[in-house]
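Contents: one structure, followed by commentary.
Numbered from 1 within each chain, the chains take letters A, B, ... in sequence-line order. All values derive from a computational prediction rather than experimental measurement. Below, all heavy atoms of this structure are taken into account, side chains as well, without hydrogens, waters or symmetry copies.
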Protein chains: 2
Amino acid sequence: MSYICNIFYYSMISGKFAITLHILTLLSKFPDEYLSSEFLAGSMNINPVLVRKEIANLKKHNMVESREGKNGGTRLAKSVKDITLDDIFKMTFQKVSLGYAKNDPNPACPVGKKINQNLDALYDGINIKISAQLKDISLMEFTDKF
Amino acid sequence: MSYICNIFYYSMISGKFAITLHILTLLSKFPDEYLSSEFLAGSMNINPVLVRKEIANLKKHNMVESREGKNGGTRLAKSVKDITLDDIFKMTFQKVSLGYAKNDPNPACPVGKKINQNLDALYDGINIKISAQLKDISLMEFTDKF
DNA sequence: TTTATATGTAATTAAAATTGTTACAGTTTA
DNA sequence: TAAACTGTAACAATTTTAATTACATATAAA
């Protein structure tokens with residue numbers, strides 16, 4: 001039995017990357033202000049608590065700094081030139097995959113026994129390409145499109 | 001209001017690609033036999049109905065042919081040299097994405113108004129790279145690893 | 001010093017998507 | 001004619017994400 005595998009194998013695409021990038025884009029547009037989670041959530045039309053959760057993640061990676069209390073909020077802690085989309089990708093995504101079958105395959109079958117390891121290798125190659133591509137795009141380049 | 005957008009934007013990674021590739025790998029190992037959905041499902045440890053659903057998709061793309069009735073089953077309809085992983089990707093995936101926020105963003109916000117179009121452009125670039133990479137891998141090359 | 005406003009976080013509920021199951025009609029072989 | 005298999009549809013169960021609620025804590029300003 002290997003329940004543990006499936007915890008990793010099964011993965012729904014959440015909005016984490018998109019929400020985080022949206023937050024950073026807004027912060028970059030008001031570099032000198034502390035923006036509230038309610039303001040940020042208003043642009044995305046989502047719940048402010050979700051925004052604060054992603055901000056907690058951004059803080060963990062030293063991308064932003066927050067001020068609590070009245071007139072509090074969040075602002076960028078790094079230059080938009082020094083943040084790449086790959087940084088954001090790595091902060092919010094474990095790994096891009098094209099999916100795995102939900103259950104552990106039959107270990108008695110030669111194909112079942114090795115399918116996930118071969119898929120892993122395939123997906124690893126894809127992730128390397130994606131990271132390389134995203135590393136070339138700075139947050140500044142992305143936000144300049146708005 | 002544009003509810004319709006979200007139907008496309010929200011996307012969970014299903015096991016379609018992995019299941020389809022697993023099916024094709026098994027079929028390639030027994031090129032002269034009609035394999036039953038129950039046998040195929042046994043290797044993946046999933047329900048035979050799920051397998052038949054993916055086989056229906058494979059048939060739509062002329063990758064396999066099925067025989068109904070007793071002793072029926074499915075076999076490859078093309079050479080393993082003539083199927084690429086990109087063919088399978090395009091059959092089973094609309095598009096790889098790093099996700100979108102679930103709700104339509106605020107159109108009154110300059111960032112909200114354009115975020116999804118800019119994410120789309122970003123993800124399109126990623127998909128082009130993935131396709132190029134997968135196009136170089138034939139089903140034969142993949143199945144030779146088992 | 002008090003009030004208002006905001007973060008930080010946990011816990012619970014709701015919603016959305018995939019997978020599993022059941023059922024059964026239709027097909028083919030022996 | 002019986003057995004075994006495909007092909008689907010419909011529905012239930014599972015899983016994951018998002019929303020909501022609640023409240024402790026922090027800070028600014030009146």
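Following rounding to the nearest Å, B:L50 (CG) and C:dT22 (P) show an atom-to-atom distance of 14 Å. When rounded to the nearest whole Å, the span between CD1 of A:I19 and C1' of D:dA18 equals 8 Å. Taking atom CG of residue A:D104 and atom P of nucleotide C:dT19, one finds them 15 Å apart after rounding to whole Å.
Candidate nucleotides D:dA18, C:dT27, D:dT8 were compared by shortest atom distance to the side chain of B:E68, and C:dT27 ranks first. Among the nucleotides D:dT6, D:dT8, C:dG20, the one closest to the side chain of B:V49 is D:dT8. When each of C:dT7, C:dG20, C:dT21 is scored by its nearest atom to the side-chain atoms of A:S36, the top-ranked nucleotide is C:dT7.
Closest-nucleotide positions on DNA chain D for B:K53 and A:P48 were compared, and the one nearer the 5' end corresponds to B:K53. Each of B:R67 and A:T74 has a nearest nucleotide on DNA chain C; the 5'-most of these lies closest to A:T74.
An OP1 or OP2 oxygen of D:dG7 is reached within less than 4.0 angstrom by a side-chain nitrogen or oxygen of B:S66. In terms of phosphate contacts, B:K70 brings no side-chain nitrogen or oxygen within less than 4.0 Å of OP1 or OP2 of D:dT6. Put simply, A:N71 has a side-chain N or O that comes within less than 4.0 Å of OP1 or OP2 on D:dA29. Look at B:N47 and you'll find a side-chain N or O under 4.0 angstrom from OP1 or OP2 of C:dT21.
Listed for the A:K113 side chain is no donor-acceptor partner under 3.5 Å among the backbone atoms of A:N106. Within the 3.5 Å criterion, the main-chain N or O of B:K129 finds no donor-acceptor partner in the side chain of A:K129.
Backbone-only engagement by B:G72 is indicated by non-hydrogen atom pairs under 4.0 Å involving sugar-phosphate atoms exclusively. Residue A:K16 is out of contact with every strand shown, counting any heavy-atom pair closer than 4.0 Å.
Cluster membership check: B:I128 does not share its hydrophobic cluster with A:I126, using side-chain heavy-atom separations under 4.5 Å among Ile, Leu, Val, Met, Phe, Trp and Tyr.
Checking A:T74 against A:K59 by side-chain atom types alone, no donor-acceptor pair falls below 3.5 Å.
Between A:F17 and B:Y123, the ring-plane angle classifies as tilted under the 30° and 60° cut-offs.
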